[in-house]
> 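Before I ask anything, let me first share the structure, which is written out below as structure tokens.
Letters A, B, ... mirror the listed sequences (proteins, then strands); counts begin at 1.
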Protein chains: 2
Amino acid sequence: MQLRNQVEWALHCSAVLAGVPPGRFLPARALAEFHGVPQAYLSKALQALARAGIVEGTLGPAGGYRLAKPPAAISFLDVVEAVEGRASTFACAEIRRNNPCASPAHPPTGPCAIARVMWEADEAWRARLAAVSLADLGATLAAELPAELRDGIAAWVADRT
Amino acid sequence: MQLRNQVEWALHCSAVLAGVPPGRFLPARALAEFHGVPQAYLSKALQALARAGIVEGTLGPAGGYRLAKPPAAISFLDVVEAVEGRASTFACAEIRRNNPCASPAHPPTGPCAIARVMWEADEAWRARLAAVSLADLGATLAAELPAELRDGIAAWVADRT
DNA sequence: ACAATTCGGATATTGAATATCCGCTATAGC
DNA sequence: GCTATAGCGGATATTCAATATCCGAATTGT
């Protein structure tokens, strides 16, 4: 079980877009160049983010993407679910119903005990992701990144918006 | 991102094996019939459990599988990792290194801030699965399953060991 | 000893999901 | 209005999971 690499790209793109000056747009081409990933495929991830209302895109020259909400209002979970979907990682196929001892007339009531445990773990995972916002990430990066690199990135982004 | 259906099968098989009388073995054929899944493919999951030291198999007539440890010593995480592997769900490709602003002479130190958040969530998921043992599952099932069904299953299993 | 039965591993085949690419349409500025 | 530039959606290859099949090795009961 592995997350799509688009999840990683979407998170990094969201982090960069959080630093775009208000009212400006950063084109997908720039985001792809910045991260060194194929532009055509990255577009898919950005489109998924747009459908989820996390970013918004605009056509034409001077077009591109920007965050649709303040960074504090966007969690890791929002981004991950926009790309991966909202389905649980565990799909219960209800194989207990195939049990030859069970009477088809009395189907089991309530969700399977095994599925419940798996879904609880899934919830714990989501809760952790929901607890961290893009603003939190920005604060962490601001504290960790060398000032020189941070300014370099800001200039690079400003140059393409 | 979705877990393999073999995970579900492995968990259900473990639950059944926890009810096998001590010293006896239940063949894979019976487990496949009980759950209504293809026997040849289920064998793969059982072999993975055997490699992980969760179950042990024995050849010949009256052979089959049984738990290799007491149910209280086997967690959901043990079973899931035996089938899915121990790798994190999030693979960091270090795309921050492709950043055109970063100097290749000064590579970033420590893990990426985004990966750290993802890995923390992954740990929370694993912690939840590690907290539930097969003994816990057995207690839940004993409390929820109708007595008639429980006895029927026990008889069905005893008949094939 | 023999034969039936079981796990173990290796090997195809199918089908879905992933990664990738390309053409279409719409916008903004000259 | 024209042109260059951008996002959008559909079409394509490639990878991987899911399934079936086979044979070999080991073991138990007759």
> What nucleic acid atoms does B:Phe25 come within less than 4.0 Å of, heavy atoms only: base, sugar-phosphate, or nothing?
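Counting heavy atoms under 4.0 Å across all strands, no contact is made by B:Phe25.
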> Salt bridge between A:Glu81 and A:Arg126, side-chain N to carboxylate O under 4.0 Å?
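A salt bridge is present here (some side-chain N lies under 4.0 Å from a carboxylate O).
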> For B:Leu59 and for A:Pro61, locate the closest nucleotide of DNA chain C by heavy-atom distance; then report the residue assigned to the nucleotide nearer the 5' terminus.
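With B:Leu59 and A:Pro61 compared, the 5'-side residue is B:Leu59.
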> Which pair of non-hydrogen atoms, one from A:Gln2 and one from B:Ala91, has the smallest distance, and what is that distance?
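Closest approach of A:Gln2 to B:Ala91, heavy atoms only: NE2-CB, 3.0 Å.
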> Between C:dA19, D:dT28, D:dT19, which nucleotide gets closest to the side-chain atoms of A:Arg4?
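Closest nucleotide among those given: C:dA19.
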> Could you pick out which residue, A:Ala40 or A:Ala62, lies toward the 5' side of DNA chain D when each is mapped onto its nearest nucleotide?
A:Ala62
> Need to verify one output field. Residue with the more 5' nearest nucleotide on DNA chain D, B:Gln39 or A:Ala50?
A:Ala50
> Just how far, in rounded Å, is P of C:dT27 from CD of A:Glu56?
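Spelled out: CD on A:Glu56 to P on C:dT27 is 15 Å.
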> Using whole Å, what does the distance between atom P of nucleotide D:dC16 and atom CG of A:Leu3 come to?
16 Å
> Taking the six-membered ring of B:Trp125 as reference, does the cationic atom of B:Arg128 (NZ for Lys, CZ for Arg) lie under 6.0 Å from its centre and within 45° of its axis?
no
> Please pick, from C:dT20, C:dT27, C:dT6, the nucleotide with the shortest atom-to-atom distance to any side-chain atom of A:Tyr41.
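The answer is C:dT20, which lies nearest to the side chain.
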> For the side chain of A:Pro38, starting at C-beta, report the closest nucleotide among C:dT18, D:dT19, C:dT20.
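For A:Pro38, the side-chain atoms sit closest to C:dT20.
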> With nearest nucleotides of DNA chain C determined for B:Ala28 and A:Asn5 from heavy-atom distances, which residue corresponds to the more 5′ nucleotide?
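The answer here is B:Ala28.
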> With distance as the sole criterion, do the side chain of A:Lys44 and the base of D:dG10 form a donor-acceptor contact below 3.5 Å?
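By the distance-only test, yes, there is a pair.
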> In whole angstrom, what separates A:Leu42's CG from D:dA6's P?
14 Å
> What is the nucleic acid contact for A:Ser43, judged by heavy atoms within less than 4.0 Å: base, sugar-phosphate only, or nothing?
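The answer is nothing, as A:Ser43 stays clear of every strand by at least 4.0 Å.
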> Expressed in angstrom and rounded to an integer, what is the separation of A:Gln47 atom CD from C:dT20 atom P?
15 Å
> Less than 4.0 Å between a side-chain N and a carboxylate O, is that true for A:Arg150 and A:Glu148?
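Looking at A:Arg150 together with A:Glu148, the answer is no, because their closest N to O distance does not fall below 4.0 Å.
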> Using a cut-off of less than 4.0 Å, is there contact between a side-chain N or O of A:Arg51 and OP1 or OP2 of D:dG9?
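Yes.
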> With side chains defined as the heavy atoms from C-beta onward, is the minimum distance between A:Trp156 and A:Glu33 less than 4.5 Å?
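Yes, their side chains come closer than 4.5 Å.
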> Can you see if the side chain of B:Tyr65 gets near the phosphate of C:dG8 - specifically, an N or O under 4.0 Å from OP1 or OP2?
yes
